[in-house]
Amino acid sequence: MGLEYVKISPGFEKYMPRDYVDLVTFGQFGKQVDVMQLGQFKELVEEHPMCAGCYMAYFIRVFYAALPNPEDTIVLGTAGCARLALSQAAVPFIYGNYGDTNAVASGLKRALSIRFPDKVKDVVVIAGDGGLMDIGFGMTMHSWFRREKFTTIMVDNEVYGNTGGQESGMSPKGIQLKMAPKGKQFDKINAVELAQTAGCVYVARISPTNPKRIAKVIRRAILAAREFGPTFIHAYTSCNIEYSIPTREVLADARAREKKDFKFYEWMTDEVKEYLEEIERKEKEKAKQEVQK
Amino acid sequence: MGLEYVKISPGFEKYMPRDYVDLVTFGQFGKQVDVMQLGQFKELVEEHPMCAGCYMAYFIRVFYAALPNPEDTIVLGTAGCARLALSQAAVPFIYGNYGDTNAVASGLKRALSIRFPDKVKDVVVIAGDGGLMDIGFGMTMHSWFRREKFTTIMVDNEVYGNTGGQESGMSPKGIQLKMAPKGKQFDKINAVELAQTAGCVYVARISPTNPKRIAKVIRRAILAAREFGPTFIHAYTSCNIEYSIPTREVLADARAREKKDFKFYEWMTDEVKEYLEEIERKEKEKAKQEVQK
Amino acid sequence: MDKEKLITPGPSGYMPTPGAFMGVELPPPGKALLYGEIVDEETAMREAAKAMLTRRNPTIFPGPLVLWGWNAGAMEKAKAVLELAMEIPNCRIIPMPDYRPKYPKIDPEAEINPNHPNLTILHNKIEACIFVGVHCHYANLSLRMIRAGTNCFTIALCAEMGHEDAMVSLRDVHAEEIRKFKDVLVQVRKELGIEWEPKLPPENPSLPKEDWTKISPLDFGEYAALLMPRKGEVVEESE
Amino acid sequence: MDKEKLITPGPSGYMPTPGAFMGVELPPPGKALLYGEIVDEETAMREAAKAMLTRRNPTIFPGPLVLWGWNAGAMEKAKAVLELAMEIPNCRIIPMPDYRPKYPKIDPEAEINPNHPNLTILHNKIEACIFVGVHCHYANLSLRMIRAGTNCFTIALCAEMGHEDAMVSLRDVHAEEIRKFKDVLVQVRKELGIEWEPKLPPENPSLPKEDWTKISPLDFGEYAALLMPRKGEVVEESE
């Protein structure tokens, strides 16, 4: 981790695979990319074995483009669809046992702070509704109670997609799934409200229809976690397989849910608001100056 | 369970130990006792190995006196101080593995509903802050998400008292304990707010200084759970050992905390409110009629 | 009997091998266990009767399934247990009303607890006993502990399949079977030339009871203060 | 050598017993492993050199610890690896830049992956290879897989304590030790009468690279629609 880890040893440039040379030359390391430039730079994750039309895969692609410091970031995931792409990325990845991600992330973030007292290392958990809100619920919430300084992103596909379609606590009430034939009996868990109660300093709920907004939310969550405490993003990332959404309608579904129960929501403490506004103001100024040059 | 279980087989009355004969003759089974009459009836729990001056033991004593139907109640507990008295009581007791109480209670309550469709069987979990809000946190909250119809009572002594004084999530911020010498780093978990967010239909926070109020809260929580869903009581029950409270000052401490952060709080859904008011109105009328007779 | 007696009165040591591990099998319907061997019911009953008639301080330990009148069968079985008790000279009844632990300590003359049965057995020098109406999992626990630490001859009148760790174990025992055992016992008693007028055992020594209706809150010591409103104190309603 | 050769080129079967289970011990400082036996460094180096000089398609697999210039030591070590490569006739360099899985599939001419090294080794018919700069836990995994499924002679130039499952394993290898090994190799090459003008191996076949600066969002197929604002669509700010 660190920029020196993405510098090829002199003499070895011509022995590296093209993918890696491109990452170093045209990638995001050490730069600030705009998510709207996707396709104009070498991305941190490209090929992966997720299903065609998977909205979670799209979200993860935007996630990597949005990282403020990919060279100083460690991503944690667990069993589930997301990690199939996460483990393929050019960012260090740790696989937590199911439910353990936020406990592992707590220890990791603390260890990094001790080992590198003068550097910022970002720790980001990306896991599904099952890993974070069902089986890992206690560890997730307790990492927030303890005010651990890392970001948790729940990619919520509202189902155990990898094991045949069992309902999760995040499945909507009444929904019938392949392994929930009687329909879910109770309400979708209000993860965002729980995160606020538990002490997250920045909380957002998003249906990822607007890449610029996704990137902004991810960036804000990571920056706020560095300074103030736990941050949480609840992202709707449909399972087109288990919910039988035709590939071409995946985006339409995300838009429909955004109008219904996944309306964009963003909350932060006053000090986080002040901090982020200051950073964003400076960035805008800097951008303006660069344009003027 | 049921009143027939507390009827001595004919001919055996004179072979039973006095304790049991008294339970049947002067006990609460099949009656409605007033907690203010404590001492004038044979109690469900008497001797126990809890520490002298233990406020949790006092709370448990009042708890048993408050049960609306002890003969149709099953109590669940787990590792910790409370179960030392709970397992001694004349009410069936199940010991859940640490953290599992609310999962076991869920299954038990559902099984009882199927086995005795025409009878009301009350299931009550009594466990500590560690069992319910730390290690059992996920199971506790998920039983509420699922709207399981039983009562959870957290006897909160704000410490792992049985294992030498580690901090729990419920310990107040900054407190130094025998095994938390640097002081607790984060806030006391807001259990009551979490219970409301998670879907409890009746929630109360209480510092048990007023036995009549304790009894009323316990009764309401159990009655509401029968009909509507999960109910939760957060009771302050100090650990005079780990917090070094002189025995004679235990009640004063409870009163002081009641004025500070354990102010009495009671919340319920509108339908629960209506239901309980109707029951309590009828009871008052009945009591009035009996006085007039 | 040619075979070695596997299960005999102890004390057989702190953690004796369970009967099941020693090869003892539960009897098929109509059969019984005697010293761990499958035999005819009659044979087992005669040995059990002999033990209760000849060993010191014979005692019946009725469990919750007969002590509590939770259905007609239980009450009938309870009646049969008393009929049996009447026929055993100087028999006592010490109940096991439930299985909860007893702190600070049990009264060993008034009751028996499955978690430490030896307190009652050794205190009362009981050398022959009958388990009846005890749930099997607690009977298993207790019978092995008794064999481990005492010289008591154990007889299990089980409503289910019996118990490997009792010296005599009858199975499918309900009121009728208890009466059949009583008849065998009376027969053996006559053969042994023991004279006995049927009469009920003495009542529980913890009785007669105190009158709870006359107890005042003040009897509750330090907690009494919590029970009664103090001068000037207003007991608030919850609303 | 009197002792049996424990660790030899495979294929030794799907799940070969790990060297450590066969009694192979890691060498003490100053010593090395040859076929699982502790020998002098010089002896091991000569055998390793012979393998790289005489077996088919000798290849160096540099790992992340030398490929990436994360400190001066790594860069110096990388330089030494290139110097060594120059002296091995027709040597190739196939890198292992990191350990992440490669889906849908790896390009076996461009790289090697620790999770399925045999794809690269069998595709390129590599019969002698050097591991250098690979973290020990992944080297252990790979070396055993290579012994299991290929006939490749494996040489581990380890910066730590060495690897039981390589045919030759040197320990505490940094730039200086690599150069020492190079000198031994040149010496052995001369003894074997092999003529060779030092030169660098061919570059990675996946190069030259496409020019990413000229790629347009439209190259991204079905997802392109998500990237660009549509006609009339207003991209909202988050606030």
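Here is how names work: the chains are called A, B, and so on, in the same order as the sequence lines, proteins then strands, and each is numbered from 1.
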Does the ring center of A:Tyr5 lie less than 6.0 Å from the ring center of D:Trp70?
-> yes
For D:Ala78 and A:Ser9, the nearest pair of non-hydrogen atoms, with its separation, is CB-CB, 3.6 Å
Compare all side-chain heavy atoms of D:Pro95 with those of A:Phe12 and state whether any distance is below 4.5 angstrom.
-> no
Do you know which of D:Asp98, D:Asn71, D:Val66 has the most heavy-atom pairs under 4.5 Å to chain A?
-> D:Asp98
Would you find more than 12 non-hydrogen atoms of other residues, nucleotides or ligands less than 6.0 Å from D:Glu197 atom CD?
-> no
D:Tyr99 vs A:Phe93 side-chain heavy atoms within contact, under 4.5 Å | no
Spell out, as yes or no, whether a donor-acceptor pair under 3.5 Å connects the side chain of D:Arg100 to the backbone of A:Gln88.
-> yes
Rounded to the nearest 0.5 Å, how far apart are CD of A:Glu13 and CG of D:Leu67?
-> 10.5 Å
Are D:Glu111 and A:Tyr20 side-chain neighbours, meaning at least one heavy-atom pair lies under 4.5 Å?
-> yes
Counting only heavy atoms not in A:Gln32, do more than 12 sit closer than 6.0 Å to its CD atom?
-> yes
Cut-off 4.5 Å, heavy atoms of chain D, and the answer for A:Ala90 is both
Go through the atoms of A:Leu86 and report whether side chain, backbone, both or neither lie under 4.5 Å from a heavy atom of chain D.
-> neither
Non-hydrogen side-chain atoms of A:Pro10 and D:Lys79 separated by less than 4.5 Å | no
More than 12 non-hydrogen atoms from neighbouring residues, nucleotides or ligands closer than 6.0 Å to CD on A:Gln37, yes or no?
-> yes
For A:Lys259, look at atom NZ and say whether over 12 heavy atoms of other residues, nucleotides or ligands are found less than 6.0 Å away.
-> no
Could you tell me which residues satisfy ring-ring contact (aromatic ring centres under 6.0 Å, His included) with A:Trp267, sequence neighbours excluded, listed by chain and number?
-> none
Would you mind reporting whether D:Ile94 and A:Tyr15 have side-chain heavy atoms less than 4.5 Å apart?
-> no
Heavy-atom proximity to chain A below 4.5 Å, by part of D:Pro64 | neither
More than 12 heavy atoms from other groups under 6.0 Å of CZ on A:Arg281 = yes
What part of D:Lys77 gets closer than 4.5 Å to chain A, counting heavy atoms only: side chain, backbone, both or neither?
-> neither
Verify the neighbour count for atom CD of D:Glu195: are there more than 12 heavy atoms of other residues, nucleotides or ligands below 6.0 Å?
-> no
Quick one: does A:Met16's side chain get under 4.5 Å of D:Glu203's, heavy atoms only?
-> no
